[in-house]
Amino acid sequence: MMEILVAFYSRSGKTKKVAEAISDILKCDKEEIFDTKNRKEIPGFLSAGTDANLRRLTAIKEIKNNPSLYDLVIIGIPIWSSNISTPIRTYLSLCKEEFKKVAFFCTRLGSDSKKVFADMKNLSQKIPLALLELTSREVARDQYMQKVKEFIKNLKEETVK
Ligand SMILES: Cc1cc2nc3c(=O)[nH]c(=O)nc-3n(C[C@H](O)[C@H](O)[C@H](O)COP(=O)(O)O)c2cc1C
């Protein structure tokens, strides 16, 4: 059986909701990434935007699950300033040697995810098996399960190839 991990960061719960839906369907492990830098309220929001825009790294809290023990790591982000959110940029930089296979998903207000997914591919040094993009609105309105199911179907088709 394939060992799968869903690794994600979520500042305000949207990406977490999708991560939980995916891990519930796949009955797999989850790794929530936490930033040691405060990202709450206005100063946190501003630092998040600046750090993502400048492609800075941060210090994340200790990772519990070693990605190298999984056949597939599904990585989820909120988009910040048209970029990978800083905690996941850090996770990808730290763990890039550890991934076997990857897939990506994101939540965002409306930005184009292509460039962000391409950046995640470069950082992880892996071609993703499948991609999923959702708007915060779809998540807030619980209109995301169809796309989540399609993503999982695509993943399953790719993993048997
Ligand atoms: C600092 C910051 C910058 C953001 N920049 C963008 C952006 O450039 N484009 C976009 O579509 N959404 C942007 N968003 C919106 C988030 O991507 C969106 O609300 C996301 O669903 C939040 O996920 P979360 O609840 O898991 O943190 C930004 C949010 C934050 C906090």
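Order of appearance sets the numbers: ligands from 1, and atoms from 1 within every ligand. A quick note: this is a predicted structure, and the numbers were derived from the prediction, not measured.
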Next on the checklist: Looking at Ser136, is its backbone amide N or carbonyl O close enough to the side chain of Arg108 to form a donor-acceptor pair, meaning the two atoms are under 3.5 Å apart?
Outcome noted: no
Checklist entry - What protein heavy atom sits nearest atom 14 (N) of ligand 1, and how far off is it? => result Ile79 O, 3.3 Å
Checklist entry - Are Trp80 and Tyr9 close enough that their ring centres sit under 6.0 Å apart? => result yes
Checklist entry - If every non-hydrogen atom of Ala52 is compared with every non-hydrogen atom of Ile84, which pair is closest and at what distance? => result CB-O, 3.9 Å
Checklist entry - Do Ser111 and ligand 1 have an N or O pair less than 3.5 Å apart? => result yes
Item to check | Under-4.0 Å salt bridge between Lys64 and Asp29 | outcome: no
Checklist entry - What is the nearest protein non-hydrogen atom to atom 22 (C) of ligand 1, stated with its residue, atom name and distance? => result Pro78 CB, 3.7 Å
Checklist entry - Does a salt bridge link Arg39 with Asp51, judged by any charged N lying under 4.0 Å from a carboxylate O? => result yes
Next on the checklist: Suppose I only count heavy atoms of Ser82 and a 4.0 Å limit; which atoms of ligand 1 are within that range?
Outcome noted: 7 (C), 8 (O)
Checklist outcome for this item: Quick note on ligand 1: atoms under 4.0 Å from a heavy atom of Gly49 include exactly 1 (C)
Next on the checklist: Between Glu20 and Ser23, do the side chains contain a donor N or O and an acceptor N or O under 3.5 Å apart?
Outcome noted: no
Next on the checklist: Are any of the N/O atoms on Gly13, whether in the backbone or the side chain, positioned under 3.5 angstrom from an N/O atom of ligand 1?
Outcome noted: yes
Next on the checklist: Checking a contact table here: which protein heavy atom is nearest atom 19 (O) of ligand 1, and how many Å away?
Outcome noted: Ser136 OG, 3.4 Å
Next on the checklist: Pairs of nitrogen or oxygen atoms closer than 3.5 Å, one from Ser81 and one from ligand 1: do any exist?
Outcome noted: yes
Next on the checklist: Tell me whether Asp142 is salt-bridged to Lys17, with the criterion being a basic N under 4.0 Å from an acidic carboxylate O.
Outcome noted: yes
Item to check | Heavy-atom donor-acceptor pair, Lys30 side chain to Leu5 backbone, under 3.5 Å | outcome: no
Checklist entry - Within the structure, does Lys14 bring an N/O atom to less than 3.5 angstrom of an N/O atom in ligand 1? => result yes
Checklist entry - Can we say Lys61 and Asp35 salt-bridge, meaning some charged N sits less than 4.0 Å from an Asp/Glu carboxylate O? => result no
Item to check | Min N/O separation Leu109 to ligand 1 under 3.5 Å | outcome: yes
Item to check | atom 2 (C) of ligand 1 - nearest protein heavy atom and its distance | outcome: Trp80 CD1, 3.6 Å
Checklist entry - Which residue supplies the protein heavy atom nearest to atom 25 (O) of ligand 1, what is that atom called, and how far is it? => result Ser12 OG, 2.5 Å
Checklist outcome for this item: For Thr15, the atoms of ligand 1 under 4.0 Å from one of its heavy atoms are 23 (O), 24 (P), 26 (O)
Item to check | Proximal atoms of ligand 1 relative to Gly110 (non-hydrogen, under 4.0 Å) | outcome: 10 (C), 11 (O)
Item to check | Atoms in ligand 1 with a heavy atom of Arg108 nearer than 4.0 Å | outcome: 10 (C), 11 (O), 12 (N), 17 (O), 18 (C), 21 (O)
Next on the checklist: For atom 21 (O) of ligand 1, what is the closest protein heavy atom, and at what distance to 0.1 Å?
Outcome noted: Thr107 OG1, 2.7 Å
Item to check | side-chain contact (heavy atoms from CB on, under 4.5 Å) between Val73 and Lys101, intermediate numbers included | outcome: CA-CA 6 Å; Val73 183; Lys101 288 180 172 154; over 6 Å; no
